[in-house]
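Reading through the structure tokens given below for one structure.
Residue numbers count from 1 along this sequence. For ligands, and for the atoms within them, numbers begin at 1 and follow the listed sequence. A quick note: this is a predicted structure, and the numbers were derived from the prediction, not measured.
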Amino acid sequence: MTDNKLAIIVLAAGQGTRMKSRLPKVLHPISGRPLVGHVLTTASRLGAERIEVVVRHERDRVVAVLSEHYPDAVVVDQDEIPGTGRAVQIAVDALPDDFSGDVLVLSGDVPLLEVDTLQALLEAHRGASAAATVLSALLDDPTGYGRVIRDASGTVSRIVEQKDATAAEAAVAEINAGVYVFRASALRTFLAKVDQNNAQGEMYLTDVIGLLREAQETVAAEIAVDTAATFGVNDRVQLAEAGRVLNARIVRRWQREGVTIVDPATTWIDDDAKLAPDVTILPNTIISGATVVESGATIGPDTSLLDCEVGTDAVIRRTDATLAVIGAGATVGPFAYLRPGTVLGANGKIGTFVETKNSQIGEGSKVPHLSYIGDTTIGERVNLGAGAITANYDDLVKHRTEIGDEVHTGSHNVFVAPVRIGDGAKTGAGAVVRKASPLVPWP
Ligand code: UD1
Ligand code: CA
């Protein structure tokens with residue numbers, strides 16, 4: 001008997017040998033999220049009562065990411081017996097004993113699947129009362145995938161891995177996406193019959209399909225409409241290709257939300273970034289992490305923003321910024337470097353060849369040319385002359401510079417911190433300002 005309850009098993013225990021990487025394959029990121037994270041994000045939208053992730057290779061690193069970002073996923077450890085069949089067997093054993101619903105198996109290295117495709121798979125499975133339903137796809141180049149072999153009547157009879165395939169089988173264009181729904185009871189029973197007699201000496205999950213058919217159980221394959229969705233990542237060529245496809249989707253989504261993206265091919269936007277309508281993105285721009293951009297802002301060309309907040313109508317050109325807040329109507333660049341903790345007030349300016357760090361620059365204040373501003377608080381309506389440098393480091397510790405409102409400084413000034421400059425002060429060209437005001441204790 002089957003009820004409509006759903007458990008999801010995500011396979012993430014493999015080494016990913018073909019990546020030739022120290023980082024486990026499923027942790028390689030695309031669009032700012034690890035491969036397995038994309039799979040889990042999709043999985044979490046299906047209303048499953050339990051999601052299990054099978055780990056083994058570099059398990060502590062994988063588990064660290066899972067517990068930080070997907071704390072509801074249940075971690076299951078695979079033992080030394082290799083193969084997708086063993087991974088699923090161990091995960092099924094970890095389900096509650098009375099679980100009798102459907103088990104959806106997803107691969108941690110198939111990141112482009114969308115909820116719609118999986119819902120169609122579940123519906124097909126339930127509609128046919130099948131013991132197993134495989135997600136398949138028809139590919140021009142099926143190299144590397146398992147092939148779905150059908151009998152003369154067109155019914156799925158088994159899946160054969162590329163390494164075990166005859167030439168005729170290898171010529172089949174229908175591939176196994178590595179995504180399946182099984183009736184839990186059938187999965188339990190038939191996994192117990194899977195052996196390791198194959199080219200790779202592994203327990204193949206795919207063997208369950210042939211075994212079910214031999215036992216006259218109903219097995220179906222649902223051919224994915226969107227073949228890109230079934231794309232599996234085994235090496236870095238495929239990693240880049242999956243990243244490109246996902247980015248194209250994200251770009252299109254924002255364009256439909258009212259964002260002008262001049263060159264989709266050179267614009268990279270992470271999945272977590274948020275853009276308001278009437279933002280304009282110019283070529284060669286990378287918007288990463290949890291960056292948020294408000295309406296009317298123009299970003300680029302040649303700009304990277306990581307975890308930044310950009311206010312309404314701000315203009316940012318040829319800039320590299322991390323963890324910076326840029327106020328409404330402010331301008332940044334060209335050629336600016338904003339390091340963490342930079343907060344630029346509304347209508348402020350950080351200009352050309354300017355580096356900032358851990359500094360607040362008040363409303364309407366300008367640092368227009370050739371400057372380093374670190375550990376500094378600048379008031380409102382200030383103008384720093386070209387070549388302003390805050391000397392914030394005395395070889396032991398960092399000190400703060402405080403500049404009041406409406407201060408105007410000459411060109412080529414050095415502010416030797418700790419130092420405070422009062423409201424309305426003016427300095428001449430070439431000044432070295434090193435006397436601390438009595439308000440700041442001299443070290
Ligand atoms: C698998 C399928 C193949 C299918 C392809 C789709 C098998 C035997 N083959 O091949 O038919 O076309 O996916 O992308 O299932 N994993 C574990 N434990 C293991 C081995 C692998 O959890 O012992 C995980 C991996 O981390 C990965 C997934 O299972 O996320 C698939 O493993 P992989 O080695 O990439 O299988 P493929 O050769 O791609
Ligand atoms: Ca794979």
Side-chain angles (χ1 to χ4, degrees), residues 8-19 21 23-28 34-40 43 52-59 61-63 66 75-92 94 105-113 132 134-139 141-149 156 158-165 169-170 172-180 182 191 194-211 221 224 227-239 241-242:
I8 300 179
I9 296 172
V10 177
L11 304 183
Q15 188 176 350
T17 323
R18 291 163 276 181
M19 295 295 282
S21 178
L23 188 67
K25 173 169 73 177
V26 295
L27 294 189
H28 277 261
L35 295 177
V36 69
H38 290 284
V39 177
L40 282 166
E52 296 183 344
V53 185
V54 187
V55 298
R56 177 171 162 83
H57 178 71
E58 293 269 14
R59 64 92 62 196
R61 281 177 88 176
V62 179
V63 170
L66 295 176
V75 172
V76 179
D77 284 283
Q78 191 174 346
D79 59 12
E80 68 288 348
I81 299 174
T84 49
R86 182 59 175 172
V88 171
Q89 189 170 40
I90 285 185
V92 169
V105 176
L106 302 174
S107 289
D109 64 349
V110 180
L112 301 178
L113 276 174
V134 183
L135 183 69
S136 71
L138 297 168
L139 300 189
D141 179 10
T143 310
Y145 291 93
R147 309 296 204 278
V148 176
I149 307 300
V156 175
R158 61 200 176 87
I159 294 170
V160 60
E161 290 307 291
Q162 163 114 11
K163 286 183 176 147
D164 302 291
E169 287 166 341
V172 170
E174 186 175 3
I175 62 97
N176 163 32
V179 172
Y180 326 71
F182 295 96
L191 272 171
V194 171
D195 61 28
Q196 290 171 251
N197 298 329
N198 52 55
Q200 301 182 86
E202 296 183 354
M203 274 181 75
Y204 289 166
L205 175 60
T206 45
D207 284 355
V208 169
I209 301 297
L211 291 166
T227 51
T230 63
F231 192 76
V233 174
N234 297 308
D235 62 24
R236 306 223 193 198
V237 176
Q238 291 168 325
L239 181 72
E241 179 61 12

In Asp109, what N, O or S atom is nearest to the Ca ion (ligand 2), if we give its atom name?
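When I compare the N, O and S atoms of Asp109, OD2 is nearest to the Ca ion (ligand 2).
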Using distance alone, decide if ligand 1 has a nitrogen or oxygen within less than 3.5 Å of any nitrogen or oxygen in [X].
{"X": "Tyr145", "result": "no"}
{"X": "Ile81", "result": "no"}
{"X": "Val54", "result": "no"}
{"X": "Tyr204", "result": "no"}
{"X": "Gly83", "result": "yes"}
{"X": "Ser107", "result": "no"}
{"X": "Thr84", "result": "yes"}
{"X": "Ala13", "result": "yes"}
{"X": "Leu205", "result": "no"}

Does some non-hydrogen atom of the protein lie less than 4.0 angstrom from atom 36 (O) of ligand 1?
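It does not; no protein heavy atom is within 4.0 Å.
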How close do [X] and [Y] get, counting heavy atoms only, and between which atoms?
{"X": "Ala170", "Y": "Arg147", "result": "O-NH2, 2.9 Å"}
{"X": "Val172", "Y": "Val148", "result": "CG1-O, 3.5 Å"}
{"X": "Ile81", "Y": "Gln196", "result": "CG2-OE1, 3.8 Å"}

Atoms of ligand 1 close to [X] [distance to a heavy atom under 4.0 angstrom, numbered from 1]:
{"X": "Ala12", "answer": "22 (O), 26 (O)"}
{"X": "Thr206", "answer": "7 (C), 8 (C), 11 (O), 15 (O)"}
{"X": "Gln78", "answer": "17 (C), 18 (N), 19 (C), 22 (O), 23 (O)"}
{"X": "Asn234", "answer": "35 (O), 39 (O)"}
{"X": "Gly108", "answer": "30 (O)"}

Return the option from Asn176, Asp164, Val36, Val10 holding the heavy atom at the smallest distance from atom 5 (C) of ligand 1.
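Minimum heavy-atom distance to atom 5 (C) of ligand 1 goes to Asn176.
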Taking the non-hydrogen atoms of Lys25, is any one of them nearer than 4.0 angstrom to ligand 1?
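Right, Lys25 reaches ligand 1.
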Indicate if the distance from the Ca ion (ligand 2) to the nearest N, O or S atom of Asn234 falls below 3.0 Å.
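It does: Asn234 brings an N, O or S atom closer than 3.0 Å to the Ca ion (ligand 2).
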